[in-house]
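Notes for the one structure printed next.
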Amino acid sequence: MTNLLYELSFVLTMATGLFSLFSAEIAGEDPGLVLVLITILTAGVFVLIKKMRWTGRLILISILVALGIAGFFLSRNDAVLTFFSEHKGYLWTPVIGAAAFLVGELISVSRLLRIIVSLAAIGWLIAGTAFEMTIEKLFVVSVVFLILLTLTEEIQRRWKKQGDSDQKKHVVFLLPYLLLAVILVFASPAPEDPYDWGLAKKVYEVMTDLYEILEDQLTADFLSMAPVDPSEAMVGFSEEGKIAGKLYGGDREMLVITGLSSYVDQVRLSGKTFSAFDGREWVDRDTSEAPAVLLDTISTWASLNHYSHHVYDYAHKMYIDIKYQKLRTDRAFLPMKSIPTYAGMKTEEYRECGGDILWPEVPSRNSVYSLSYYTLNMDHGVFDNYLNRAEIPDQESYEAAERRINYDKVAGCGYQDYLRYVEHVKKNYLEKPELSPKLRKYMDDVYGDAETDSEKMKRLEEMLRGFTYTEEPGVLPDRIRNASDFLDYFVLESRKGFCSHFATAFVLLARAEGIPARYAQGFLTHTGGRTSITVKSKDAHAWPEVYYEGAGWIPYEPTPAYDTTDSFWKTEKERKEQHTYGPDDTESEKDQPEEEQKSKLHISIRWYMIVIPLAVGLVCILLVLLISKLISAARFRGMGEEEKLVALYRQNLRILRMTGLGMMKNETLDEYRNRLREKGVEETVFLEEMEKYLYRGLPSGDAVSISLEEKKSLLLALKKKSRLKYIRYRILP
């Protein structure tokens, strides 16, 4: 028992530590107690397996086989697949438990490794404090407990003791006191604000900036084998609106996004928008400090509620966390239709400028903020129908949406503020370029019989996607002096470029039709069904956004090399007809608070999904026990007289122990025999025979047969006292 508790103390400590270290990646912001317990249980089971005999291990394997068969049946259920695709932590916790078992066992037997791991954990805590990393309190508690275990072990090693000097026993004896210490640590309140390592952070940031600047320059020089030309650009978010003639590659980590839903195919994060184009470069003349992000989201939700009673056919709320990596900018990156809050942004000092959100200072690496936003069902035909008919919501619909979305009661989000914002958009994002007669005729042919703005934008997108994507289109000719010149050159002559060219052409041509549009810059990356993704510099992108009254800003993708798939799910009517599941199966448009929306699984469990696994597991266990009994019986028959006597002696002692009359510590065989007789136990001859064997070296001729008969009598006594213990003895070897 001492060895078991000793090993469990290290293994379970590693289980909680490793889980808390990776909880954000595998389980999101709120890992929950269930996942922690599964991890601990998995690690503990591995320790028990190590301590088991082979029979116990085979029985456990039989149980796992049964669970595996049950899992196979359940994996064929769509609801189960959906659940695990959104809760991948349940699949990762057994892996972490196994890793914790391996590391825990190693540090329990290796003093050097135990000290190294403890020092590494302390170093991680120091680094996390210095760099403002998000460290779970459970990880801190695990580190404290590991340090206490290590210190206790070292003290016991150097403490000269008399009597029982087993170090493991002393450590196990002190475990309750160590647990009390870490419970106090866990229960103590943590400060809301981390310690500010001002000077250390400034030095680190300066050194990081210098290194990254040098790295970028060396990368560009290596790729081009020549100094970087001002007309060329590195891939990445730059906050500049120049139309470059060539792009250089880049693969640096910019952001990490966690908490994604499996229903989201791609994430589009806008960092900066531009309002005016001079023919060669975009500039931003919109300096409005109105809360444009919230105004846009509120108006969209109000418009959808006014348009349809099934609003969740068009929009669904998502939650994500965004962490800065090697990105130095005061820009916050947001999906379309975001709901920034003071709690999520972790500051009340962010400001808006022309529809973009800026931080009060450049965030440091590993800075994290949280957002909720509405993903739009843009790839479904119902959304196109909505855009064709979207209208400015009435005051009642708008104010109801504001009460729902404006959690922080941000000023400037009222209905009259919204109407002023609509006029502001028309004034700042509708600078029409003059189209040449040739281009005018060309575009009239493209639009054909399109009647609505949405139909025209779809055809414009299709036209541009028919052009050629290249990262080396060449510099713009010197003759281009304005937006009209650019359009003639790109649409009628060149027809090739990268995202900046296509987004620019789209915005200008939309404005030429009297439709407000803007040039947006940020990142676009595909999720691949993952809940956590890393955004790299190569994911930097530019795209156009069109403003529809009521619907607000809507992104388009005219760049040929990029997938137009944004988000798609079936409407409520389609799901009812096809009995399928979607992201909004359990949402009620009128009754259910949006922040409490949860997905419910409808799992159809047939009788055979339970009976077959149980039957297989039971058969396997019975086979293991039967084989074990047969092996034990065969082994007993092949033993010599002395070996049989010793085996029966141990079996009889076990039976007596199960009846509550086990041999006491430091008790001699003679003393034990006398105590049994006082208790009325007559089956003590096997003890006399064992004593003779120990002292004389040879058992008497009938010692084995006598011990065997007494075993039968002891079993009958055990059966009368406890039938359950009797069955356990007969089943388990």
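Numbers for residues simply follow the sequence, beginning at 1. Reckoned from all heavy atoms, side chains included, excluding hydrogens, waters and symmetry mates.
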Just one of Glu461, Glu513, Glu451 clears the salt bridge (Lys or Arg N to Asp or Glu O under 4.0 Å) bar with Lys456, so which one?
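Testing each of Glu461, Glu513, Glu451 against Lys456, the sole residue satisfying salt bridge (Lys or Arg N to Asp or Glu O under 4.0 Å) is Glu513.
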
Do Lys346 and Tyr342 form a cation-pi contact, if we require the NZ or CZ to be under 6.0 Å from the six-membered ring centre and within 45 degrees of the ring's axis?
no

For the residue pair Arg518 and Trp553, would you count it as a cation-pi contact if the rule is NZ or CZ under 6.0 angstrom from the ring centre and within 45 degrees of the ring axis?
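Arg518 over Trp553 ring: yes.
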
Thinking salt bridges, do [X] and [Y] make one under a 4.0 Å N-O criterion?
X      : Y      : result
Asp539 : Arg268 : no
Glu402 : Lys409 : no
Lys536 : Glu253 : no

Let me know which of Phe486, Phe490, Tyr519 forms a ring pair (Phe, Tyr, Trp, His ring centres under 6.0 Å) with Phe277.
Phe486

Taking all atoms of both residues into account, what is the closest heavy-atom pair of [X] and [Y], and its distance?
X      : Y      : answer
Glu239 : Gln521 : N-OE1, 2.9 Å
Ser338 : Thr297 : O-OG1, 2.7 Å
Pro555 : Glu545 : CA-CG, 4.1 Å
Gly412 : Pro291 : O-CG, 3.5 Å

Please check if the number of heavy atoms outside Glu281 that lie under 6.0 Å from its CD is greater than 12.
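Atom CD in Glu281 is packed in, count exceeds 12.
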
Taking the six-membered ring for Trp, is the centroid-to-centroid distance between [X] and [Y] below 6.0 Å?
X      : Y      : answer
Phe498 : Tyr469 : no
Phe506 : Tyr556 : yes
Tyr418 : Tyr421 : no

Nearest 0.5 Å, please: how far is CZ in Arg351 from CG in Asp356?
10.0 Å

